[in-house]
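Here the structure is laid out as structure tokens; the discussion comes afterwards.
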Amino acid sequence: MAKNLVIVESPAKAKTIEKILGKDFLVKSSFGHIADLAKKNFGVDIENGFKPNYEISPDKKKVVADLKKEAKIAETVWLASDEDREGEAIAWHLYNQLGLKKENTKRIVFHEITKAAILSAIENPRDIDIYLVNAQQARRVLDRLVGFEVSPVLWRKVKPSLSAGRVQSVAVRLCVEKEEDVKKFNITSSYRLTAKFYTSDAKTELLEAELPKRLATKEEATKFLEDCLTADFKVKNIEKKPGKRTPSAPFTTSTLQQEASRKMGYSVSKTMVVAQQLYESGKITYMRTDSVTLSGQAIGQAKQMISTTYGEKYSKIRQYKTKSKGAQEAHEAIRPTDLTRSKVSGDSAQQRLYDLIWKRTIASQMADAIIEKTNIEIEISGKKEVLSAKGEVITFDGFLKVYIESTDNENGNSDETKGMLPAVAKDQKLEVLEMTAMERFAQPPARFTEASLVKKLEELGIGRPSTYAPTISTIQKRGYVEKGENEGDERKYQIVYLKQGELKERIETEKTGNNKGKLLPTDIGSLVNKFLVNNFTDIIDYQFTAKAELEFDEIAAGKKEWNKMIGDFYHPFKKRVDDAMENAEREKGERLLGIDPKSGKNLYVKIGRYGAMAQIGESEDEEKPRFAGLKKGQSIENISLEEAIKLFDFPRSTGMYEDLEMTVAIGRFGPYVKHNGLFFSLDKTDDPASITENRCIELIEAKRQKDRERFILSYKEDPEIQVLNGRWGPYIAYKKRNYKIPKTTEAAKISYEEAVKLIKSQPGSGKKTSTKARKTTAKKAPAKKTVKKKALKAITKKK
DNA sequence: CAGTGAGCGAGCTTCCGCTTGACTT
């Protein structure tokens, strides 16, 4: 039996630490937070100083029971959760929920998992910092109040099941406003003038130069080239300037997500899944961090590695400081646990992500790259304008030997790719090969990608490393934003050029407006944002979190009561919630498109209970209006009358199959074929307006084939029991519930008796209908809730 | 989960941060 119980947050960390501490220590994990505000009645007692009502999270009951058992028999319990606000709260909840005693409980912290750091932590225990815990309670309660007060207003005024929150609503706002900027942007064009010269009679080397300013119109560009037809060119000046480049700091969660997105095209959640795998197999340090700090041991190892592999002059020890506000720095930067390991085993995603992390870490401890910048000015006889040729030569590569950071510059600007310039002498005459004036369009602001939105949120101090990926997926799941799929449309541009003493013109095309993978606000997203901006300006203010953080800091310093802060916020806020509930206009985004030619009635588009829809006729009329949902990709803002009229062409009969009619319609989940009471989804490439009878049959047969492949076994004794192939391997399906099959048994050989045994031994999973039904029937009359609501209202009215 | 959309009124939805499994298209 171990004398000491150490509790950390992550199980992978527990394993490592147990090895370091040896047999007198049992190291267990809490798996993050163990307690949270109750879900019902806000989980906060608003009338009693916002007293939180904590309960053990349902999925942590087992963990807590286990920890309690171990704590009881341990001589000393060491609470070793992270040293930040949330970690302190975890320690406090553990203390309370496990019923620990002050005399044998110790709070310890460490920022890196090394023997020295952990032993030193054990030497220097402290008490739980209740001020820091209070700051966390304030944060938690604030988020609950904002989320659970504002969301119901949206259900009432926009659409059910929507959500609002301190973090997600700002994320949506950023996307909506970016889109407005893009729409407002005036795309102008100008002419970029470039020239190519021979630098010697041998005509072997070319010097490329550019006119620093743009020419406004085609006329101006043509005039300029005409002037050059007879001009002489001469090197006016050569200037050389030294420069350097410095490596970036080691990865944090946010910068790792950005680089993995730019270099490998990973979504932020993909990056986190792969990083977690690397972490769990001990290859990298913790992947949810806002710190750029490397441990002394890692820095030492890097120095050693770099010196032996590349030479001493490539090594430069660097300590980085975080630039992001609100960073809590409970961990190290993300780095390989062993820097001598430049490659790891694992699948290709793991190898690539590891490679990225390894290179970034090593580069961060390497010398600057030294470059020489050259600028050659070229004179045009008879003109005052001067052409400029810029070049860059790396004289010492330094960190560039292993790592080059990508940028968000999507146009691959030619400025970025400068090379070495051919040797020329001052006053040397140059022979022109060609001169080109190319029409270039101004670039509208870049829309956010998942990763660039994370970057922006981090800059604003909104959200935490553990929530960036979930936030990005929440705003997509709620339908506030979606990823663009348009790879761009063709655009023509003009070129005027000078070659072999002649002036010519031509037209070329390029792709523009590529929004693939960019976050675009949906109708719902824009509408919800409009509603929130109008009614809850301060909550979705970009500074709201930053201001709250200042107050959390005061609470953590013991200079402010946390419930006082919440009270100061809540009372005016609640007034606006009530006001919006009562007086705010319902936000439907209604737009009159025109007249439906068939009925002569008005055709509208608006947001309904289930999303964007088109409507023919008036809701107030005696005759019910006709409705049709908008297709994916259509929006209230852009849809034309013609497109909207087409939506009412469904359901449409497409023919017969097996003596039964097939109809095509557009449902909640997209277009489908209905046949014999069953539904078959159309492919993305199928157009419901023109799909043929044969194609419908094909779809039906394909689905049937797939269902057959899913099937493995059934039993004579009870045909309701089936062994099926699912996304995660074989499972047993019985009466709409699903049951796991142990990995050791072969699915195809399960006997009826075994199957029954498996079903009996498990609660089963799947449709929640049964549990939900139980819940609702067991619930008593709901009178209580409404009474309480009314009582609350009366109280607020009095004030 | 599969043709909803008004209204009657029930019951439900919802937050952020800390962590992994469990999830069954």
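Just so we're on the same page: letters track the sequence lines, and every chain starts at 1.
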Any N or O donor-acceptor pair under 3.5 Å from the base of B:dC18 to the side chain of A:Arg288?
no
[X] [atom1] to [N] [atom2], straight-line distance once rounded to whole Å:
X        : N      : atom1 : atom2 : value
A:Arg609 : B:dT13 : CZ    : P     : 16 Å
A:Met272 : B:dT20 : CE    : C1'   : 13 Å
A:Ile539 : B:dC15 : CD1   : P     : 15 Å
A:Lys606 : B:dT4  : NZ    : C1'   : 13 Å
A:Leu79  : B:dC18 : CG    : P     : 18 Å
A:Lys674 : B:dT4  : NZ    : P     : 11 Å
A:Glu83  : B:dG17 : CD    : C1'   : 18 Å
A:Gln136 : B:dG17 : CD    : P     : 11 Å

Using the ring of A:Phe148 (Phe, Tyr or Trp, six-membered ring only), decide whether A:Arg144 places NZ or CZ under 6.0 Å from its centre and within 45 degrees of its axis.
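Judged by the rule (NZ or CZ under 6.0 Å from the ring centre, within 45° of its axis), A:Arg144 counts as positioned above A:Phe148.
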With a distance cut-off below 6.0 Å to the six-membered ring centre and an angular limit of 45° from the axis, does A:Arg288 pair with A:Tyr279 as a cation-pi contact?
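Not flagged: A:Arg288 not positioned over aromatic ring of A:Tyr279.
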Closest nucleotide among [options] to the [X] side chain:
X        : options                : result
A:Pro152 : B:dG5, B:dT14, B:dT24  : B:dT14
A:Tyr672 : B:dA2, B:dC15, B:dT20  : B:dA2
A:Lys39  : B:dC16, B:dG5, B:dC15  : B:dC15
A:Asp82  : B:dT19, B:dG5, B:dG17  : B:dT19
A:Lys60  : B:dA2, B:dT19, B:dG17  : B:dT19
A:Arg139 : B:dT14, B:dC16, B:dC18 : B:dC16
A:Phe679 : B:dG17, B:dA2, B:dT14  : B:dA2
A:Val167 : B:dT20, B:dC18, B:dC16 : B:dC16
A:Glu86  : B:dC15, B:dT20, B:dG17 : B:dG17
A:Ser161 : B:dT13, B:dC15, B:dG5  : B:dT13

Give a yes/no on whether any side-chain N or O of [X] is located under 4.0 angstrom from OP1 or OP2 of [N].
X        : N      : result
A:Arg140 : B:dC15 : no
A:Ser10  : B:dT19 : no
A:Arg710 : B:dT24 : no
A:Gln168 : B:dC15 : yes
A:Lys588 : B:dG5  : no
A:Arg478 : B:dC15 : yes

Check the orientation of A:Phe536 and A:Phe573. Use parallel for under 30°, tilted for 30 to 60°, and perpendicular for over 60°.
tilted
Please verify the inter-ring angle class for A:His675 with A:Phe680; under 30° counts as parallel, over 60° as perpendicular, anything in between as tilted.
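Rings of A:His675 and A:Phe680: tilted, as their planes differ by 30° to 60°.
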Do [X] and [Y] sit within salt-bridge range, that is, some charged N less than 4.0 Å from a carboxylate O?
X        : Y        : result
A:Glu55  : A:Lys40  : no
A:Asp82  : A:Lys13  : yes
A:Asp143 : A:Arg166 : yes

Reading DNA chain B from 5' onward, which residue's closest nucleotide shows up sooner: A:Ser163 or A:Ile666?
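Counting from the 5' end, the first nearest nucleotide belongs to A:Ile666.
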Would you mind telling me which residue lines up with the more 5' stretch of DNA chain B, A:Ser169 or A:Pro160, judged by nearest nucleotide?
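Nearer the 5' end of the strand: A:Pro160.
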So, A:Phe31 and B:dT20: ring centres less than 5.5 Å apart, planes less than 30° off, yes or no?
no
Measure from the ring centre of A:Trp155 to the centre of the six-membered ring in the base of B:dT13, then say whether that distance is under 5.5 Å and the planes meet at under 30°.
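A:Trp155 ring centre within cut-off of B:dT13 base, planes near parallel; stacks.
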